[in-house]
Amino acid sequence: MSSSTQGTTLSTNVVGLVDGSSAAHREVSVFDGLPIYVKELIAGGAAGAFAKTAVAPLERVKILLQTRTEGYHSLGVHQSLKKLLKNEGVIGFYKGNGASVLRIVPYAALHYMTYERYRGWISENYSALGTGPVVDLLAGSASGGTAVLCTYPLDLARTKLAYQVKETRGNGSRPTHIRPQYSGTRNVLEAVYKEGGLRALYRGVGPTLIGILPYAGLKFYVYEELKRHVPEEHQSSIMMRLSCGAIAGLLGQTFTYPLDVVRRQMQVEHLQPSLQDRPRYRSTFDGLSSIIRNQGWRQLFAGLSVNYMKIVPSVAIGFTAYDTMKSYLNVPPRQK
């Protein structure tokens, strides 16, 4: 028997022992021929879709609170969820989630894959930075900006769909829409493009980029830094990954949340009757100062409580699912 045949047999036996069955090996081997970056795209997209759907009801309420939607801006999280359930049913919790998942799959896929690519590129070309937290911060920021630019119109569509609400007029009357309705993601994109062209599809991208660069960088930085301090025998623990991811999302979101509020208001300001006579925000700074002046500084943190409730499980599930999918797809450790 040749040495190459022996090597192949040995590899098959080892994988079979680890997986516990030859069937498990055959299932994984479907992906073995794929390039590493494709596996990272698959892992990132799956992680994003799973995490986003898990927290969709809280995401819907957060957008309603951020945009001061009539009938919801003075309610808390619990009361908003009850009102949504009463007026729109369980399906109301997931309004806009189709657009959200449609956006998050390419967004998360690009976010995680480009993070790995940027991280490798920085390590190879700027070895003086080492392989520590500075590299994670830079790679995370760059990957966040790349993913936003490629998928922002889908985020705009998600926000407009989630912003639509129904109200019950009078006793026992049927729920009615209180503003023009979009029929779906494609309808939103077509209507917005017809109204203002490509520029309209990227309205609010300024505060999004300003917010995502530090947020994405901090998120990856904190997550990877926390993992470095975990003993090797606990590196594959699901609870460890969930805990590190939760802390990473919590800290990252806290510092960048006001920019998220400005972005949401810029995306829907032309739909709000109460704001029709007010000049539109000219820039991120103009939006921040205008909100503080006209709505109070507390509005910059409207929906923050529900965002904490959302971001902790979302980031935790996202990182955990990504690392788990990478293991399933046999993505080698970064050192290799």
Side-chain angles (χ1 to χ4, degrees), residues 18 28 31 36-52 54-55 104 107-147 211-256 307-336:
V18 173
V28 174
F31 302 99
I36 297 299
Y37 75 89
V38 174
K39 294 181 180 181
E40 291 166 350
L41 283 170
I42 294 172
F50 186 68
K52 182 62 70 174
V55 298
I104 204 64
Y107 174 86
L110 285 169
H111 194 16
Y112 285 107
M113 185 276 288
T114 55
Y115 163 73
E116 303 285 2
R117 301 301 101 196
Y118 285 137
R119 193 181 192 283
W121 182 82
I122 293 172
S123 297
E124 290 176 6
N125 293 277
Y126 299 92
S127 56
L129 295 175
T131 58
V134 175
V135 176
D136 291 316
L137 189 67
L138 294 175
S141 297
S143 66
T146 300
I212 199 63
L213 294 178
Y215 171 65
L218 284 170
K219 184 175 68 173
F220 278 103
Y221 164 76
V222 174
Y223 181 69
E224 296 294 340
E225 186 64 14
L226 288 174
K227 282 174 59 179
R228 288 189 185 95
H229 291 82
V230 174
E232 187 174 350
E233 61 268 22
H234 299 300
Q235 284 288 331
S236 60
S237 167
I238 296 296
M239 286 306 300
M240 181 280 296
R241 292 172 178 171
L242 286 171
S243 299
C244 292
I247 296 172
L250 194 67
L251 293 178
Q253 188 67 192
T254 299
F255 292 107
T256 61
N307 208 52
Y308 279 148
M309 293 168 60
K310 177 187 77 74
I311 208 66
V312 170
S314 179
V315 176
I317 291 171
F319 273 126
T320 303
Y322 177 65
D323 280 347
T324 303
M325 284 294 294
K326 283 204 303 181
S327 298
Y328 175 76
L329 296 172
N330 285 334
V331 176
R334 292 194 185 104
Q335 295 89 329
K336 299 182 180 180

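For reference, positions follow the sequence shown, starting with 1.
- Considering only residues two or more places apart in sequence or on other chains, S141 meets the side chain to side chain donor-acceptor pair (under 3.5 Å) condition with none of them.
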Taking distance alone, no hydrogens or angles, what donor-acceptor pairs closer than 3.5 Å link side-chain atoms of residues 314-326 to residues at least two apart or in another chain?
residue: T320; atom: OG1; partner: L242; partner atom: N; Å: 3.4
residue: T320; atom: OG1; partner: A316; partner atom: O; Å: 2.7
residue: Y322; atom: OH; partner: E116; partner atom: OE2; Å: 2.9
residue: D323; atom: OD2; partner: Y223; partner atom: OH; Å: 2.6
residue: D323; atom: OD2; partner: K227; partner atom: NZ; Å: 3.3
residue: T324; atom: OG1; partner: T320; partner atom: O; Å: 2.7
residue: K326; atom: NZ; partner: E116; partner atom: OE2; Å: 3.2

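- The shortest non-hydrogen separation linking P332 to I36 is CD-CD1, 3.4 Å.
- Residue pairs meeting the salt bridge (charged side-chain N to carboxylate O under 4.0 Å, His left out) criterion with at least one member in residues 124-143, sequence neighbours excluded, are R119-D136, D136-R228.
- Looking only at distances, a side-chain donor or acceptor of K39 sits under 3.5 Å from a matching main-chain atom of L329.
- For Y221, the OH atom counts as loosely surrounded, since its 6.0 Å shell holds 12 or fewer non-hydrogen atoms of other residues, nucleotides or ligands.
- Between E224 and Y115, some side-chain heavy-atom pair lies under the 4.5 Å cut-off.
- Every residue two or more places apart in sequence or in another chain that forms a side chain to side chain donor-acceptor pair (under 3.5 Å) with T254 is listed here: Y308.
- The main-chain N or O of G140 is found under 3.5 Å from a side-chain atom of S143 such that the two form a donor-acceptor pair.
- P313 and V55 get closest at one heavy-atom pair: CG-CG1, 3.8 Å.
- Scanning for side chain to side chain donor-acceptor pair (under 3.5 Å) contacts around Y37 gives an empty result, with sequence neighbours left out.
- Smallest separation of non-hydrogen atoms from T256 and P214: CG2-CG, 3.8 Å.
- Under the ring pair (Phe, Tyr, Trp, His ring centres under 6.0 Å) criterion, Y126 pairs with W121, sequence neighbours left out.
- The only option from L137, I247, L250 that meets the side-chain contact (heavy atoms from CB on, under 4.5 Å) definition with V222 turns out to be I247.
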